[in-house]
Amino acid sequence: MSPALAVLHDVFGYAAFRGQQAEIVDHVSAGGDALVLMPTGGGKSLCYQVPALVRQQAGRGVTLVISPLIALMHDQVGALREAGVAAAFLNSTLDWEQTEDIERRLLAGQLTLLYAAPERVTTPRFLGLLDTLAAHGQLALFAIDEAHCVSQWGHDFRPEYRALTVLHERWPQVPRIALTATADAITRADIVERLQLQDARPFVSSFDRPNITYRLVEKQDATRQLLQFIEREHEGEAGIVYCQSRKRVEELAATLCQRGIDALPYHAGLPADERQRNQDRFLREDGVVMCATIAFGMGIDKPDVRFVAHVDLPKNIEGYYQETGRAGRDGDPADAWMAYGLQDVVNQRRMIDESPAEEDFKQVMRGKLDALLALAEATDCRRARLLAYFGEAMVSKLRPNSDAHESIAGGAVQELAGAENGSQFNSQPYCGNCDNCLQPPDVWDATDCARKLLSTVFRVREMSGIGFGAGHLMDILRGKATDKVRQYGHERLSTFGLGAEFSEAQLRSVLRQLIAVGALQVDAQAFNTLQLLPAARPILRGEQPVRLRAASAAPPRERVRRPRAAAASPALASLDAAAQQRFAALKAWRGEVAREHNLPAYVIFHDATLAAIAQQAPRTLDELNGISGIGASKLERYGQEVLRVAGAAA
C-alpha cells in the first residue's frame, strides 16, 4: 500500500480515492504545484489533507491552509481532530493566550495542518513564523482553498487573496495547491496569473452533479411558488433559499416560519453573534431552512442539504453553480430550484451599469449575466448548457423509448443516424434530470409578438424623444388607454392595441427573452427604460424568426404533501426494519456526541457510514474496521460505543 493510500485508509477510513484524487495526491505529495478544479462535494479537502500527512511523515513539516471563512476553518479542523490529525486554526475567535499556544505548537513541530485567513497570513508576524519554519525545512505545503477569490472575474473576489503571491516569492521551494469548485476560463487564467501558478499542473474534474435536478420556473408569486415547492417536495428537510436583499431574507424567513417551516435568516447586516447562532443551528440540526444572501454558503460542508432555491436571479453562472452545488453533497437526490422574471433581469442589468467599475469589467459582467439568462431561457438541456459554460461536453443519456446510441453533447444540435430502422434521431443533449429534459417546454412562434414589441419601443422613443419602461409599452400594445398613455399621446401610435390578443404574462416573457438574446437592453441611467440594440433589426425586418418558451401557467394552489425525500436515499432505502432501527439509534447517539464536542453531526460520522453500520450489524471491532468512513482514531475513540448502540437496537 502506498503512503497516500495508507493515510486514506488508516486516518480517514476510506479504501480508495475517487476520480482524480489519487493523481492529485501523488503529484502534490511528491512536491509538485497543482491547480485543482473540482465540484462541490467532489472531495477537494482530501487533495491537500492527505499530502499534508504524507509529507509530514517524510519529515517535511507543517501544511498551511489559506481559508477565507472562520466557520469553514472550525469545522474542518474539528473533523481532522476527530480523525486523529494534529490540526489548528488561527483567527479572530481566539484570545491572545490561545494564539500564543498555537504558535508555540507550530514552531515545536506539533501541528500537521494550520488553517488561517489570507489577511493573517500576510501580516509581518505570521510571515516571520513561516520564515522560522522554512529555515528549519519545516514548511511542507501551501494549500490555497477557494482560489477563485483571487480573481476579479470570480463571483467571490477577495482583494486580500492578491497578496498571497508573497508565498511563492519568499519560499519558492514549497509546493502549492490552489483549489476551487467554480471557475470559467477567464477566472482560471486570472488564478494562474495572480498566484504565479504558470508551472502548476492543472487538474480539472467534471463539473457535473448528476444527483441534482435543475429546475427554473417563471416568477409569478415567488413566495407562494417557493412554499409550494418546499411543502410538496421537501417538507422537514434542510435547504438554502437565496435572496437578493437583506429585507427579502428576513421577510421570507418569517413567512416560512408562519407556515410551520423551521427557517432562519442570514445576511451581513445581522449581529455577528446572531449570524453565528443561525449558522450553527443550520449545520447541527436536521431540517433547518436557511434564508440568506450570498453572504452565506462558501465552505458549507453540510452533506444533507436536499434543496437550494433562488427566489431572485444570481449574478452569473459561477455564482449559481457554486450556490446550487451546496445541495446533495452526500450524493443523494437533491433539487436546485429557481424562480426568475423580467424584473430580475432589469435589476441585474442596472446593478452592472450603475457600478463604479471600469467599462471593460462591466462588459465581462454583462457577458456573464447574458450566459445565465441564456441558461434560464433555454428550451434544451440545462445541464448541457451549464457544463458547456465551463468548457465541458456532456455525455448525453439515452432518451426514453429511443433506440439511438449515446452521443457527446456540447455544440450545435446534430442529426445522427438512428437504429436499425434507419430513422434520424435528434441528438439534442439529454441528461434526464433537469426540467427541460423531464418535461420539454412548449415553444411558440413569437416572431409577430416580438416585432410588435420592438416596433413599439422604437415608435414611442421616436414620438416622445425618451424611452419608457416595460409596463407602459405593454399597455400601449394591449390597447390600454391609461392616464400615462393619454398624457404622451401614445394611443395615436400605429401599434396601439395591435397586441390585444397577447396576455401580460406572454408579453413579459417575450420582453424578458428579447433582453436575454440582446435585442433589447435596459437603460439604468434613464429609469430602467428599454431601448433597441442592433440585434433587433433582423427581427423587425422579418429576417429572423423568434421561437421562445411559452409563458407557463400558474401552478395549482392546493397543498400536496408527500413523504420525506430522505427515504429516497439509496443507502437508507436498502435497510430493512431492523437496520432502520439500528440507524435511528446510531443517529441519536451521534447527535449527543456532536453536541458534546460542539461539532456538526456529520463531522463525527456521515449518514452513509451509519447506514453501513446499521446494514452490516458488526459485532467486533475488526468487523467495524472495514466500514467506509471509520479510521483508526475513530475506531479507537468510538468503536465500543458504536457496537453497544447498534447491538442494543437489534
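Quick caveat, the model's predicted, so the values are computed rather than measured.
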Asks: Is R329 salt-bridged to D304, going by a charged N under 4.0 Å from an acidic O?
Replies: no
Asks: Can you sort out the partners of Y389 under ring-ring contact (aromatic ring centres under 6.0 Å, His included), two or more places apart, ordered by chain and number?
Replies: none
Asks: Using a strict cut-off of less than 4.0 Å between a Lys/Arg side-chain nitrogen and an Asp/Glu carboxylate oxygen, indicate whether D344 and R512 qualify as a salt bridge.
Replies: no
Asks: Are any non-hydrogen side-chain atoms of Y320 and L372 less than 4.5 angstrom apart?
Replies: yes
Asks: Taking only Lys NZ, Arg NE, NH1 and NH2, and the carboxylate oxygens of Asp or Glu, determine whether D448 and R451 approach each other closer than 4.0 Å.
Replies: no
Asks: Would you call E504 and R508 a salt bridge, taking side-chain N to carboxylate O under 4.0 Å as the test?
Replies: yes
Asks: Pairing donors with acceptors under 3.5 angstrom, does anything connect the side chains of D184 and T187?
Replies: yes
Asks: Using 4.0 Å as the upper bound for N to carboxylate O, is an ion pair formed by D353 and K362?
Replies: no
Asks: Measuring from atom CG of D370 to atom CD1 of I515, what distance do you get when rounded to the nearest 0.5 angstrom?
Replies: 10.5 Å
Asks: Under 4.0 Å between a side-chain nitrogen and a carboxylate oxygen: does that hold for D330 and R306?
Replies: yes
Asks: Below 4.5 Å, heavy atoms only, C-beta onward: do Y214 and L375 meet side chain to side chain?
Replies: no
Asks: Rounded to the nearest 0.5 Å, how far does CE of M38 lie from NZ of K44?
Replies: 7.5 Å
Asks: Between Y266 and F282, is the gap from one ring center to the other below 6.0 Å?
Replies: no
Asks: If the condition is side chain to side chain donor-acceptor pair (under 3.5 Å), which residues does R162 pass it with, not counting sequence neighbours?
Replies: none
Asks: With sequence neighbours left out, write down each residue that passes side chain to side chain donor-acceptor pair (under 3.5 Å) with R209, or none if nothing qualifies.
Replies: none
Asks: Side chains of residues 489-498: which donor-acceptor partners sit under 3.5 Å, not counting sequence neighbours?
Replies:
residue : atom : partner : partner atom : Å
H490    : ND1  : H472    : NE2          : 2.8
H490    : NE2  : S464    : OG           : 2.7
S494    : OG   : R459    : NE           : 3.4
T495    : OG1  : T456    : OG1          : 3.1

Asks: Please list, chain by chain and in numerical order, all residues satisfying side chain to side chain contact (heavy atoms under 4.5 Å, CB included) with V457, sequence neighbours excluded.
Replies: L473, L520, L532
Asks: Is there a side-chain contact between T324 and H310 in this structure, where contact means two heavy atoms from C-beta onward sitting under 4.5 Å apart?
Replies: yes
Asks: Of all heavy-atom pairs between M290 and N278, which one has the smallest distance, and what is that distance?
Replies: CE-O, 3.3 Å
Asks: Hey, which of F229, W337, Y242 is the one that makes ring pair (Phe, Tyr, Trp, His ring centres under 6.0 Å) with F307?
Replies: F229
Asks: With a 4.5 Å limit on heavy-atom distance, are the side chains of S396 and C431 in contact?
Replies: no
Asks: For a 4.5 angstrom cut-off between non-hydrogen side-chain atoms, does E318 reach Q322?
Replies: no
Asks: Do the side chains of I261 and L227 get nearer than 4.5 Å, heavy atoms only?
Replies: yes
Asks: Could R382 and D435 be called an ion pair, given the rule that one side-chain N must be under 4.0 Å from one carboxylate O?
Replies: yes
Asks: Go through the steps for Y340 and E377 under the test side-chain hydrogen bond (donor to acceptor under 3.5 Å, both in side chains), then give the verdict.
Replies: CA-CA 10 Å; Y340 73 102; E377 301 294 356; 3.2 Å; yes
Asks: Is a donor from one side chain sitting under 3.5 angstrom from an acceptor on the other, for S206 and D208?
Replies: no
Asks: With a 4.0 Å cut-off, would you call K484 and D475 a salt bridge?
Replies: no
Asks: Any side chain to side chain donor-acceptor pair (under 3.5 Å) involving residues 248-258? Give me the pairs, sequence neighbours left out, ordered by first then second residue.
Replies: T223-R248, E250-H267
